[in-house]
Amino acid sequence: MQHQEFEPPEELRDTIKCFWYNRRDSGELQSSYEVVPDGYAEIIFHFGGDLSISYNGGLQPLPSPFMMGLLNQPVIFHTKNCLEIIGIRCFPWTVFDLLGLPSGKDGVHIFEHPIAQLQSALNKYIDAGKIDEALTQVKQYFLNARSGIASESMLFKAGVAMTKANGTLPVSLVAAAAHATVRTLERKFKQSSGYTVKDVSGLMRFEQVRNQLWLYPDADIARLAYELGYADQSHLSKEFKRYSGTTPAAFARKAKKRKQVIDSDFVAFVQS
């Protein structure tokens with residue numbers, strides 16, 4: 001598997017966490033991959049191999065692009081052959097402003113939008129192995145989209161405050177940072193991300209724990225609970241299992257075992 005992440009241009013850093021490229025050849029047999037929740041919404045372009053998701057007892061093929069809204073539990077994807085992906089990892093409160101689309105609570109969201117017109121050009125670049133050129137075109141699209149929205153909007157201010165605090169700020173302080181009432185902020189937040197401020201903050205904290213345990217499987221879980229504002233270790237464990245389907249200790253054991261085989265960074269989208 002090949003995975004690369006790319007920082008966005010300065011003008012997009014309050015909107016997009018990163019751009020990324022992933023390539024994996026699963027062969028002719030169907031393979032399954034788990035997507036673990038985090039605090040982001042992602043727009044996914046895919047090329048080559050088939051990509052589908054379990055739906056009503058069968059497999060539903062996914063078009064390109066599609067959107068991954070905020071998840072509150074792991075999702076299983078299925079693919080075969082050589083699959084290549086370009087992903088745009090957005091802060092969930094920015095998707096609405098950028099594309100006029102709420103990320104919603106649907107998890108995987110199929111949508112119609114002019115951004116789909118990029119697919120043909122990106123496919124040519126991917127076929128030619130010109131990954132940098134494909135990413136440049138995607139970045140330019142979002143630079144153009146970003147130029148049309150105000151950076152001082154309520155959601156941007158709230159998002160910056162939440163990001164700096166890694167999801168540990170109480171809702172009242174997030175509202176104060178956004179110069180809004182709690183009621184107004186919550187209404188706008190649910191419209192844009194499909195979730196409350198508290199929900200997204202919880203996902204942000206979960207992501208911090210997940211990444212720490214992936215990189216440092218022997219980390220002290222009680223200490224992580226204290227540093228990330230959980231009431232105690234039990235609270236952290238409950239929230240971690242809610243989002244990942246497993247306990248922090250079990251996840252750490254899995255991470256430690258994988259590190260004995262490979263040494264790579266955590267891949268949020270495709271993880272075997």
Path from V160 to V182 over hydrophobic side-chain contacts below 4.5 Å: no
Student check: side-chain heavy atoms of E11 and L143 closer than 4.5 Å: yes
For T79 and G49, the nearest pair of non-hydrogen atoms, with its separation, is OG1-C, 4.4 Å
Taking the side chain as everything from C-beta on, heavy atoms only, tell me whether L185 gets closer than 4.5 Å to M154. yes
What do the steps show when you test Y195 against K190 for side chain to side chain contact (heavy atoms under 4.5 Å, CB included), and what is the final call? CA-CA 5 Å; Y195 286 82; K190 288 203 74 172; over 6 Å; no
For Y230 and E239, what are the C-alpha separation, side-chain angles and deciding distance, and is it a side-chain hydrogen bond (donor to acceptor under 3.5 Å, both in side chains)? CA-CA 9 Å; Y230 290 95; E239 289 292 292; 6.0 Å; no
Does R89 make a cation-pi contact with F19, if we ask for NZ or CZ under 6.0 Å from the ring centre and within 45° of the axis? no
Side chain to side chain, I86 and F47, heavy atoms closer than 4.5 Å: yes
If you compare all heavy atoms of L99 against all heavy atoms of Y141, which two are closest, and at what distance to 0.1 Å? CD2-CE2, 4.2 Å
How far does CE of M67 sit from CG of L62, to the nearest 0.5 angstrom? 13.5 Å
Roughly how far, to the nearest 0.5 Å, is SG of C18 from CG of L12? 12.0 Å
Check whether any side-chain N or O of H46 sits under 3.5 Å from a backbone N or O of P63 as a donor-acceptor pair, and report yes or no. yes
Tell me, do F45 and I85 make a side-chain contact under 4.5 Å, heavy atoms counted? no
Heavy-atom pair of closest approach, residues D14 and F91: O-CD1, 3.8 Å
Find out whether Y33 and I76 are in side-chain contact, i.e. whether some heavy atom of one side chain is under 4.5 Å from a heavy atom of the other. no
Does E112 have more than 12 heavy atoms from other residues, nucleotides or ligands lying within 6.0 Å of its CD? no
Under a 4.5 Å side-chain heavy-atom rule over Ile, Leu, Val, Met, Phe, Trp and Tyr, are Y226 and L236 clustered together? no
Quick one: does D127's side chain have a donor or acceptor within less than 3.5 Å of a partner on K124's backbone? no
Is there a donor-acceptor contact under 3.5 Å linking the side chains of S147 and N144? no
Test your reading of the model: is there a side-chain donor-acceptor pair from R24 to the backbone of L83, 3.5 Å cut-off? no
Any V171 side-chain heavy atom under 4.5 Å of E186 side chain: yes
Rounded distance (nearest 0.5 Å) linking atom CG of N22 with atom CD of E84: 9.5 Å
On a heavy-atom basis, which atom in I44 and which in S64 lie closest, and how many Å separate them? O-OG, 4.2 Å
Polar side-chain atom of T184 near backbone of T181 as donor-acceptor pair, under 3.5 Å: no
Using 30° and 60° as the class limits, which term best fits the ring planes of H113 and F111: parallel, tilted or perpendicular? perpendicular
Calculate, to the nearest 0.5 Å, the distance between atoms CG and NZ belonging to L169 and K198 respectively. 14.5 Å
Would you sort out whether V108 and F77 count as a side chain to side chain contact (heavy atoms under 4.5 Å, CB included), showing the intermediate values? CA-CA 10 Å; V108 176; F77 286 83; 3.6 Å; yes
If we only count heavy atoms from C-beta on, is the R210 to F251 side-chain gap below 4.5 Å? yes
Same hydrophobic cluster for L135 and Y125, using side-chain heavy-atom links shorter than 4.5 Å among ILVMFWY? no
Check K139 against P9 and note the closest heavy-atom contact, atom names and distance. CD-CD, 4.4 Å
Verdict with supporting geometry, V209 and R205, side chain to side chain contact (heavy atoms under 4.5 Å, CB included): CA-CA 6 Å; V209 178; R205 287 197 297 178; 5.7 Å; no
Under the side chain to side chain contact (heavy atoms under 4.5 Å, CB included) rule, what do F66 and L51 come out as? Steps first, then yes or no, please. CA-CA 11 Å; F66 67 92; L51 184 62; 3.8 Å; yes
Please determine whether a side-chain nitrogen of the Lys or Arg among K17 and E5 lies less than 4.0 Å from a carboxylate oxygen of the Asp or Glu. no
So if you build clusters from Ile, Leu, Val, Met, Phe, Trp, Tyr with side-chain heavy-atom gaps below 4.5 Å, do I43 and I131 land together? yes
S52 side chain to L59 backbone, donor-acceptor under 3.5 Å: no
Assess, by modelled atom type and distance only, whether the side chains of Q119 and Q117 contain a donor and an acceptor separated by less than 3.5 Å. no
Using atom types as modelled and distance alone, determine if a side-chain donor or acceptor of T94 lies under 3.5 Å from a backbone N or O of C90. no
Any heavy-atom pair between the side chains of P170 and V174 that's under 4.5 Å? no
Using the test side chain to side chain contact (heavy atoms under 4.5 Å, CB included), find all partners of A231 that sit at least two apart in sequence or belong to another chain. H235
K80 NZ: over 12 foreign heavy atoms closer than 6.0 Å: no
To the nearest 0.5 angstrom, please state how far the NZ atom of K256 sits from the CG atom of L213. 12.0 Å
Give the C-alpha distance, both sets of side-chain angles, the deciding distance and a yes or no for ring-ring contact (aromatic ring centres under 6.0 Å, His included) between F206 and F240. CA-CA 6 Å; F206 161 75; F240 194 94; 5.0 Å; yes
Smallest heavy-atom separation, F189 atom then V200 atom, equals CE2-CG2, 3.5 Å
Same cluster or not: L215 versus Y243, using hydrophobic residues (I, L, V, M, F, W, Y) connected whenever any side-chain heavy atoms lie under 4.5 Å apart? yes
Roughly how far, to the nearest 0.5 Å, is OG1 of T15 from CD1 of I88? 13.0 Å
Is it true that, when you exclude R223 itself, more than 12 heavy atoms of the residues, nucleotides or ligands shown sit nearer than 6.0 Å to its CZ? no
